[in-house]
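Here's the structure we're looking at; comments come further down.
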Number of protein chains: 2
Amino acid sequence: MAVTMNDVARAAGVSLKTVSNVLNDYEFIRPATKQKVLDAIAELGYEANLTARSLRSGKSRMLGLVLSDLSAPYYAELASRLMTVASARGYRVLVEQSAALEANELSALHGPFRQLTDGLLFTPLALDADTVADRRGSKPLVMLGEHIEDPRFDLVTMKNIGAAQAMTAHLLAGGRRRIAVLGAAMEDDAGSPGLRLTGYREALAAAAVDFDPALIVPSGWRRDAGASAVGALLDSGVVFDAVFGLNDALALGAMHELLIRGVKVPQDVAVAGFDDIDEARFASPALTTVAPGMEEIAERSVGLLIDRVEGTETSDEGVHIEAGFELKIRASAP
Amino acid sequence: MAVTMNDVARAAGVSLKTVSNVLNDYEFIRPATKQKVLDAIAELGYEANLTARSLRSGKSRMLGLVLSDLSAPYYAELASRLMTVASARGYRVLVEQSAALEANELSALHGPFRQLTDGLLFTPLALDADTVADRRGSKPLVMLGEHIEDPRFDLVTMKNIGAAQAMTAHLLAGGRRRIAVLGAAMEDDAGSPGLRLTGYREALAAAAVDFDPALIVPSGWRRDAGASAVGALLDSGVVFDAVFGLNDALALGAMHELLIRGVKVPQDVAVAGFDDIDEARFASPALTTVAPGMEEIAERSVGLLIDRVEGTETSDEGVHIEAGFELKIRASAP
DNA sequence: ACACTTTTCTGCAACGATGTATCCAGATGC
DNA sequence: GCATCTGGATACATCGTTGCAGAAAAGTGT
């Protein structure tokens with residue numbers, strides 16, 4: 001059916017292996033021979049069989065991306081960029097959605113997904129460092145976005161603490177004193193929510209503003225979670241003059257609920273988010289948020305992973321990359 | 001390194017082929033033998049090598065999804081659902097972004113991407129039917145979302161015309177008479193923009209409202225395009241009392257621009273969109289839009305493609321599925 | 001002309017699974 | 001008692017590549 005290397009070899013009057021050598025840029029081939037082979041390839045329309053190549057070589061030129069939910073705007077934008085960067089280096093990205101469930105994250109690390117890829121970009125939400133470290137096999141793994149402080153892993157992340165602190169400081173500078181935080185559990189110390197909450201507390205401390213646990217509302221990270229979290233807060237009668245959503249979707253959901261209930265943004269309550277998804281710019285009012293250097297994260301994480309896969313990067317300790325951030329001050333919290 | 005079938009065979013004291021037979025549910029195996037094999041598999045932690053299986057069987061259990069840009073919210077939500085549906089049937093989805101460029105769409109149809117997958121879900125934006133029909137190989141292809149009227153292809157789409165007509169009728173019923181349309185070129189007849197524009201014109205005709213070409217603004221389909229399109233319209237001095245964005249991102253960008261410029265939504269100008277992405281519900285004001293049956297589209301397109309791949313669906317003519325739609329009337333155009 | 005490198009090309013085995021053909025043992029039929 | 005059948009297992013070839021080792025050809029030095 002399909003044209004194989006054998007057909008090309010026959011057409012070019014050389015051995016099968018010579019065709020392989022041409023395709024793999026083997027050094028010692030006479031230009032004339034090479035040309036014969038290339039001509040035969042062009043004439044027959046030969047395409048290398050990637051599956052066979054992959055079986056033989058053990059490489060698939062695919063990178064795995066494990067995240068909770070591709071429909072979340074931050075992940076969608078990140079995935080899109082990661083694919084573009086990977087593509088430029090000749091790799092494809094295979095996405096696996098974990099729904100932030102431990103079982104799914106485990107199966108992504110251990111199951112067939114791992115086999116199909118040369119390395120993994122992993123956003124752990126349910127698993128802890130030790131569990132991840134126990135994974136079978138030894139394919140490269142780059143942690144993404146989450147801050148699992150562990151020298152065993154490569155990590156590309158953002159300045160969660162610093163950025164949250166800067167944003168909180170901005171809200172404080174705007175005269176806000178009762179800043180509600182949506183999306184973090186109090187006790188939660190690892191992962192983005194905990195880190196961002198830490199940044200928030202540091203900013204409060206620096207400004208000598210009291211920390212009030214009543215302002216901390218645990219919730220999911222989607223729009224509907226933000227809406228119901230802020231709704232519950234309003235219902236509870238807790239007074240607040242700003243809302244810091246630990247991601248943009250959350251913040252936008254919260255802003256929607258505030259406006260629905262007649263709370264003016266930013267006059268009554270300022271709203272800030274985190275991620276700077278495209279949607280934030282076009283919200284009404286436009287959402288003040290943290291741009292966490294997604295471009296940089298995409299480029300460096302894919303770059304690092306491919307370097308690991310190809311053996312270019314060899315350091316024993318995990319490489320640790322932290323992208324810079326930028327505050328985007330917009331109408332929702334000027 | 002990895003455990004192979006051979007190791008299992010040795011451990012179980014049977015032949016390699018018997019292990020294969022157990023894994024492939026071959027009928028005639030003594031329960032005792034089967035158990036021995038299963039025990040050995042469990043003990044050694046054997047996992048079938050998907051690449052080898054794929055080389056031998058010619059199937060990869062991967063479906064390709066070609067779309068313009070995964071970061072566009074509609075596509076992100078669709079891709080997420082498609083993956084979930086495919087996963088339930090034991091397939092993975094490999095995404096390829098075309099950026100709506102002809103070259104990329106062609107390479108998705110002809111290049112290595114085709115090889116890696118058992119079938120394609122294809123959203124053609126640049127290619128026409130004949131070009132697609134010319135593709136090499138004969139792997140199943142299901143057209144997605146776009147309405148390429150052609151019996152050669154399977155197609156899962158939405159009621160573009162009917163839905164646009166219903167939405168326009170709704171705006172007319174609300175007393176709007178100067179409804180601007182963003183995202184369509186006048187002459188464009190194929191594809192979603194053209195079809196939705198047709199629905200718009202039909203609704204105008206049914207209500208005996210004159211069609212004014214000045215109200216039709218061609219533009220891209222992203223938020224920034226919507227913002228600049230409506231900005232240009234305002235600047236041009238054309239009078240309008242409603243905006244129909246041919247997708248939600250566009251409509252939301254437009255709404256943002258209107259509000260920025262002090263135009264009241266919906267009092268001065270009503271805004272409607274198309275797609276019902278999650279963001280629409282939480283916009284301020286919430287966006288009136290068309291829910292195009294994405295759930296149904298995801299389920300039926302993946303179902304159809306897998307049926308083709310597995311040979312369950314065998315009709316010679318392209319199967320044609322049209323999902324139902326629903327108007328979501330919200331505050332932006334009550 | 002001979003030994004010795006270096007360049008150029010080739011054959012064979014292997015990657016890890018599955019399809020086809022076959023073989024063996026026991027049951028069945030007459 | 002011998003041919004026939006069927007359930008249960010196996011051997012071998014095969015999918016389309018690449019790694020390894022080595023052969024053939026070409027160049028080098030004396």
Side-chain angles (χ1 to χ4, degrees), chain A residues 1-41 44-62 112 114-118 137 139 310-311, chain B residues 1-41 44-62 90 112 114-116 118 137 139 310-311:
Chain A
M1 195 74 164
V3 182
T4 80
M5 253 186 185
N6 231 319
D7 302 329
V8 174
R10 214 179 348 259
V14 298
S15 81
L16 189 161
K17 191 64 230 274
T18 298
V19 179
S20 169
N21 285 338
V22 169
L23 288 169
N24 292 285
D25 289 318
Y26 179 64
E27 197 177 354
F28 300 116
I29 299 182
R30 249 181 313 186
T33 316
K34 185 166 183 171
Q35 197 52 53
K36 267 197 302 184
V37 171
L38 292 176
D39 289 348
I41 287 176
L44 299 178
Y46 166 79
E47 283 175 89
N49 180 317
L50 299 180
T51 307
R53 176 174 289 174
S54 176
L55 172 61
R56 187 61 243 236
S57 69
K59 302 273 175 197
S60 65
R61 295 192 81 83
M62 288 214 275
R114 176 191 46 104
Q115 262 196 47
L116 292 169
T117 55
D118 292 344
K139 285 186 179 167
E310 298 183 345
Chain B
M1 195 73 165
V3 183
T4 81
M5 251 185 186
N6 232 318
D7 303 327
V8 175
R10 213 179 348 260
V14 298
S15 81
L16 189 161
K17 190 66 226 279
T18 298
V19 179
S20 168
N21 285 338
V22 168
L23 288 169
N24 292 285
D25 289 318
Y26 178 64
E27 196 178 354
F28 302 117
I29 300 181
R30 250 182 311 186
T33 314
K34 184 165 183 172
Q35 196 52 52
K36 268 195 304 184
V37 171
L38 292 176
D39 289 348
I41 287 176
L44 299 178
Y46 167 78
E47 283 176 88
N49 180 315
L50 299 180
T51 307
R53 178 174 286 175
S54 176
L55 173 60
R56 189 62 245 238
S57 69
K59 302 274 174 199
S60 64
R61 296 192 79 84
M62 289 214 276
R114 176 191 46 105
Q115 261 195 48
L116 292 168
D118 292 343
K139 285 187 180 167
E310 298 183 345

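In the text below, chain A, chain B and the rest are named by the order of the sequence lines, each starting its count at 1.
- In this structure, CD of B:Glu27 is placed 9 Å from P of D:dG8, rounded to the nearest angstrom.
- Considering all non-hydrogen atoms of both residues, A:Lys139 and A:Gln115 come closest at NZ-O, 3.3 Å.
- A sub-4.0 Å separation between OP1 or OP2 of D:dT18 and a side-chain N or O of A:Ser20 is present.
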Are any protein N/O atoms closer than 3.5 Å to N/O atoms in nucleotides 13-16 of chain D? If there are, list each pair with its distance.
unit_1 : atom_1 : unit_2  : atom_2 : d
D:dT14 : O2     : B:Arg56 : NH1    : 2.5

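- Following rounding to the nearest Å, A:Gln35 (CD) and C:dT8 (C1') show an atom-to-atom distance of 17 Å.
- Look at CG on A:Leu16: it is 10 Å from P on C:dT10, rounded to the nearest Å.
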Dump the pairs, protein N or O against N or O of nucleotides 20-28 of chain D, anything under 3.5 Å, distances to one decimal.
unit_1 : atom_1 : unit_2  : atom_2 : d
D:dC20 : N4     : A:Lys17 : NZ     : 3.2

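- Of the side-chain N and O atoms in A:Thr18, none sit less than 4.0 angstrom from OP1 or OP2 of C:dC9.
- As judged by a 4.0 angstrom heavy-atom cut-off over every strand, B:Leu50 is placed among residues making no nucleic acid contact.
- With rounding to the nearest 0.5 angstrom, the CD atom of A:Glu47 is 11.0 Å from the CD1 atom of A:Ile41.
- For D:dA9, one of the phosphate oxygens OP1 or OP2 lies less than 4.0 angstrom from a side-chain nitrogen or oxygen of B:Thr33.
- Across B:Thr51 and A:Ser54, no two heavy atoms sit closer than the pair CG2-OG, 3.5 Å.
- Axis angle between the ends of the helix from C:dA1-D:dT30 to C:dC30-D:dG1, five pairs each and rounded to 10 degrees, works out to 50°.
- Across all strands, A:Leu23 comes closer than 4.0 Å to no nucleic acid atom at all (heavy-atom distances).
- Contact annotation: B:Asn24 side-chain N/O to C:dT18 OP1/OP2 distance is under 4.0 Å.
- If you take CZ of A:Phe28 and P of C:dT10, they are 16 Å apart, rounded to a whole angstrom.
- With rounding to the nearest 0.5 Å, the separation of CG in A:Leu16 from CG in A:Asn21 is 10.0 Å.
- Scanning all heavy atoms of the two residues, the minimum distance from A:Asp118 to A:Ser60 falls at OD1-N, 2.7 Å.
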Identify every side-chain donor-acceptor pair in residues 22-33 of chain A under 3.5 Å, counting partners at least two apart or on other chains, and give the distances.
unit_1  : atom_1 : unit_2  : atom_2 : d
A:Asn24 : ND2    : A:Ser20 : O      : 2.7
A:Asn24 : ND2    : A:Ser20 : OG     : 3.3

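- Straight-line distance from the CZ atom of A:Arg61 to the P atom of D:dT17: 16 Å, rounded to whole Å.
- The CZ-P distance, from A:Arg10 to C:dG11, rounds to 13 Å in whole Å.
- Residue A:Met62 holds its CE atom at 3.5 Å from CE of B:Met62, rounded to the nearest 0.5 Å.
- Annotation: salt bridge (Lys or Arg N to Asp or Glu O under 4.0 Å) contacts of A:Asp39 (sequence neighbours excluded): none.
- In this entry the distance linking NZ of A:Lys59 with P of C:dC15 reads 17 Å, nearest Å.
- Straight-line distance from the CD1 atom of A:Ile41 to the P atom of D:dT17: 10 Å, rounded to whole Å.
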Using a 3.5 Å cut-off and no angle test, enumerate the donor-acceptor pairs between side-chain atoms of residues 3-10 of chain B and protein atoms at least two apart in sequence or in another chain.
unit_1 : atom_1 : unit_2  : atom_2 : d
B:Thr4 : OG1    : B:Asn6  : N      : 3.0
B:Asp7 : OD1    : B:Arg10 : NH2    : 3.1
B:Asp7 : OD2    : B:Thr4  : N      : 2.9

